[in-house]
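Encoded as structure tokens, the structure appears first; notes follow it.
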Amino acid sequence: MSGTGPIRVVVAKPGLDGHDRGAKVIARALRDAGMEVIYTGLHQTPEQIVDTAIQEDAEAIGLSILSGAHMTLFEKVVELLRERDALDIKLFGGGIIPDDDIPRLKELGVAEIFTPGAATTEVVEWVRAHVREPAGA
């Protein structure tokens with residue numbers, strides 16, 4: 001991970017969820033903020049998402065999940081990142097995720113969860129503040 005140039009973020013829609021408006025809004029907001037965004041499109045498997053992040057030298061993965069399968073999908077992505085020695089890629093997500101599940105997701109290794117109504121500026125600011133560690137940190 002070079003740490004120079006724009007922050008590279010993979011935005012993905014895992015599983016069978018067919019609604020990608022939110023993911024596209026976040027992808028555009030990150031892009032407008034000067035980040036390089038790789039949007040993988042709908043119906044991606046956790047394997048495809050992690051492969052893309054590694055191939056694209058991404059520093060973060062943003063998952064958008066509305067299907068209710070968030071526990072399984074986030075857990076699988078964290079597992080794959082661990083297997084591939086890529087836990088330096090920060091994982092964050094958003095969508096319809098019950099408040100009760102958020103602490104468990106963070107225990108699994110998800111860095112942040114944005115629930116419906118989170119402003120795009122909030123996501124952009126979080127990525128800027130948390131994805132790339134300051135030099136010498």
Side-chain angles (χ1 to χ4, degrees):
M1 228 122 326
S2 60
T4 58
I7 294 173
R8 294 175 63 86
V9 183
V10 168
V11 174
K13 290 286 305 179
L16 300 176
D17 180 356
H19 300 281
D20 65 350
R21 200 174 125 240
K24 286 180 173 171
V25 167
I26 293 301
R28 167 157 291 139
L30 295 172
R31 209 171 273 136
D32 289 351
M35 297 179 206
E36 232 172 275
V37 178
I38 300 95
Y39 176 59
T40 62
L42 293 168
H43 311 304
Q44 295 290 295
T45 66
E47 290 80 4
Q48 289 169 314
I49 293 164
V50 171
D51 284 348
T52 300
I54 291 169
Q55 286 163 6
E56 295 287 346
D57 200 22
E59 294 163 90
I61 298 172
L63 295 184
S64 169
I65 303 175
L66 306 170
S67 64
H70 49 275
M71 295 306 289
T72 312
L73 292 166
F74 276 113
E75 188 166 17
K76 185 66 180 162
V77 170
V78 170
E79 209 174 275
L80 290 164
L81 288 170
R82 185 176 295 114
E83 277 171 22
R84 297 176 193 190
D85 197 24
L87 283 173
D88 56 332
I89 299 174
K90 289 255 174 34
L91 178 61
F92 67 97
I96 311 289
I97 296 168
D99 289 344
D100 292 352
D101 290 345
I102 293 173
R104 175 81 185 107
L105 288 168
K106 289 189 172 182
E107 280 170 30
L108 287 173
V110 180
E112 189 58 88
I113 295 290
F114 298 94
T115 51
T120 54
T121 51
E122 196 184 327
V123 179
V124 168
E125 285 166 17
W126 182 88
V127 171
R128 277 202 181 120
H130 295 92
V131 167
R132 192 173 281 169
E133 298 301 324

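We number each residue from 1, following the sequence as shown. These figures come from a predicted structure and were not determined experimentally.
Pairing each heavy atom of Glu59 with each of Pro6, the nearest pair is OE2-O, 3.8 Å. Closest heavy-atom contact between Val131 and Ala60: CG2-CB, 3.8 Å. Minimum heavy-atom separation, Leu73 to Ser67: CD1-OG, 4.4 Å. Here the shortest heavy-atom pairing between Pro116 and Ile96 reads CG-CD1, 3.8 Å. Among all heavy-atom pairs drawn from Ala33 and Val124, the shortest one is CB-CG1, 3.5 Å. Among all heavy-atom pairs drawn from Ile89 and Ala58, the shortest one is CG1-O, 3.5 Å.
The CD atom of Glu79 lies 10.5 Å from the OG1 atom of Thr72; values are rounded to the nearest 0.5 Å. Rounding to the nearest 0.5 Å gives a distance of 8.5 Å between CZ of Arg82 and CG of Leu108. Atom-to-atom distance recorded for Asp32:CG and Thr121:OG1 is 12.5 Å, nearest 0.5 angstrom. A distance of 7.5 Å separates CG in Asp51 from OG1 in Thr45, rounded to the nearest 0.5 Å. Atoms OG1 and CD1, on Thr115 and Ile97 in that order, are 8.5 Å from each other to the nearest 0.5 Å. Here the CZ atom belonging to Phe74 is positioned 11.0 Å from the NZ atom belonging to Lys106, to the nearest 0.5 angstrom.
Salt bridge present: Arg104 and Glu107 bring a charged side-chain N and a carboxylate O closer than 4.0 Å. Under 4.0 Å is where a charged nitrogen must lie from a carboxylate oxygen, and between Glu125 and Arg128 no such pair does.
With hydrophobic clusters built from ILVMFWY side chains whose heavy atoms lie under 4.5 angstrom apart, Met71 shares a cluster with Ile49. Grouping the Ile, Leu, Val, Met, Phe, Trp and Tyr side chains by contacts below 4.5 angstrom, directly or via other members, places Val78 with Ile54. Hydrophobic clustering, with ILVMFWY side chains joined whenever heavy atoms are under 4.5 angstrom apart, groups Leu30 together with Tyr39. Both Leu87 and Leu105 are part of a single hydrophobic cluster, where members link through side-chain heavy atoms under 4.5 Å apart. Residues Leu66 and Val123 fall into different hydrophobic clusters, defined by Ile, Leu, Val, Met, Phe, Trp and Tyr side chains chained together at heavy-atom separations under 4.5 Å.
Atom CZ of Arg28 sits in a sparse spot, with 12 or fewer heavy atoms from other residues, nucleotides or ligands closer than 6.0 Å.
Taking 4.5 Å as the limit, every side-chain heavy atom of Pro14 sits out of range of all side-chain heavy atoms of Val77. Residues Ile38 and Val9 have side chains not in contact (no heavy-atom distance under 4.5 Å, counting atoms from C-beta outward). Proximity of Lys76 to Val50: side-chain heavy atoms (C-beta onward) are nowhere separated by under 4.5 Å. Residues Ser64 and Asp20 fail the side-chain proximity criterion, which asks for heavy atoms closer than 4.5 Å.
For the side chain to side chain donor-acceptor pair (under 3.5 Å) test, residues two or more places apart in sequence or in another chain that qualify with Asp101 are His70.
With Lys13 contributing its side chain and Ala23 its backbone, the two residues share no donor-acceptor pair below 3.5 Å.
Between Trp126 and Phe92, the ring planes are tilted. Angles from 30° to 60° get that label.
Screening residues 7-29 for ring-ring contact (aromatic ring centres under 6.0 Å, His included) gives no qualifying pairs among residues at least two apart or on separate chains.
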